[in-house]
Engineer: 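This structure is in structure tokens; I'll ask about it shortly.
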Amino acid sequence: MMTTTFKDAYNTLKNHAQTLRSQQEPNIDDLLRIVEESVTAYKTCQLRIDAVEQALQKALSETNLEHSSDSEQINEKEGGSANNNSFAEDENDIPF
């Protein structure tokens, strides 16, 4: 199986959709090829989207863990707890 980029696979899907939309009568000879290529392209796109979502979730969860541990360390130095700092109250006053 040839490795395809997301962009290539997405363009394949767009081109096939346009081809099917523009036909006055379905070209049955090309239909099986179009469907097979579209399914392969769709799977490629879905795999890339899933991989990016997982990477983002991992990066965000690591950032939240780092931020959480930094806040706890700061509060411990100040003698407070992570839930009882005045900064958290100020966050609610943001006008947007």
Side-chain angles (χ1 to χ4, degrees):
M1 182 176 165
M2 187 174 79
T3 302
T4 305
T5 65
F6 175 87
K7 186 175 182 178
D8 291 339
Y10 183 74
N11 284 332
T12 297
L13 289 171
K14 282 184 4 180
N15 291 337
H16 287 327
Q18 182 59 37
T19 298
L20 294 172
R21 280 189 206 108
S22 66
Q23 292 177 347
Q24 295 298 320
E25 296 179 15
N27 183 347
I28 207 76
D29 294 326
D30 288 338
L31 188 58
L32 182 58
R33 177 189 57 80
I34 289 173
V35 169
E36 288 174 344
E37 288 177 3
S38 295
V39 167
T40 300
Y42 172 80
K43 288 178 181 178
T44 298
C45 289
Q46 191 62 53
L47 287 171
R48 293 299 303 142
I49 290 169
D50 290 345
V52 169
E53 284 179 347
Q54 288 176 358
L56 286 172
Q57 287 176 352
K58 181 180 178 188
L60 292 174
S61 69
E62 288 174 358
T63 300
N64 286 338
L65 289 175
E66 290 172 6
H67 178 68
S68 177
S69 65
D70 289 346
S71 295
E72 290 173 6
Q73 290 174 1
I74 291 170
N75 285 325
E76 287 174 6
K77 289 178 184 176
E78 294 175 355
S81 69
N83 294 331
N84 292 332
N85 68 27
S86 60
F87 182 72
E89 293 172 9
D90 292 339
E91 287 179 321
N92 293 331
D93 294 335
I94 297 174
F96 53 90

Engineer: Could you tell me which non-hydrogen atom of T44 sits nearest to which non-hydrogen atom of T5, and how far apart they are?
Structural biologist: CG2-O, 4.2 Å

Engineer: Determine the sole option in T12, N15, T19 for which the side-chain contact (heavy atoms from CB on, under 4.5 Å) test with I34 is passed.
Structural biologist: T19

Engineer: With clusters defined by side-chain heavy atoms of hydrophobic residues (ILVMFWY) lying less than 4.5 Å apart, directly or transitively, does V35 cluster with Y42?
Structural biologist: no

Engineer: First locate atom CD of Q57, then atom CD of E62, and finally report the distance between them rounded to the nearest 0.5 Å.
Structural biologist: 12.0 Å

Engineer: Under a 4.5 Å side-chain heavy-atom rule over Ile, Leu, Val, Met, Phe, Trp and Tyr, are Y10 and L47 clustered together?
Structural biologist: no

Engineer: Hey, quick one: are V52 and L60 part of the same hydrophobic cluster, counting side-chain heavy atoms closer than 4.5 Å, chains of contacts allowed?
Structural biologist: no

Engineer: Apply side chain to side chain contact (heavy atoms under 4.5 Å, CB included) to the pair E36 and T40, showing each step before the final yes or no.
Structural biologist: CA-CA 6 Å; E36 288 174 344; T40 300; 5.6 Å; no

Engineer: If I take atom CD from residue Q54 and atom CD1 from residue I49, how far apart are they, to the nearest 0.5 angstrom?
Structural biologist: 12.5 Å

Engineer: Just by distance, with hydrogens left out, do Q46 and D50 show a side-chain donor and acceptor under 3.5 Å apart?
Structural biologist: yes

Engineer: Identify the two heavy atoms, one from A9 and one from C45, that lie closest to each other, and give their separation to 0.1 Å.
Structural biologist: CB-SG, 3.6 Å

Engineer: Please name the pair of heavy atoms, one in S38 and one in L13, separated by the smallest distance, quoted to 0.1 Å.
Structural biologist: O-CD2, 3.4 Å

Engineer: Could you tell me the separation between the CG atom of L20 and the NE2 atom of H16, rounded to the nearest 0.5 Å?
Structural biologist: 8.0 Å

Engineer: When rounded to the nearest 0.5 angstrom, what distance separates CZ in R48 from OG1 in T4?
Structural biologist: 11.5 Å

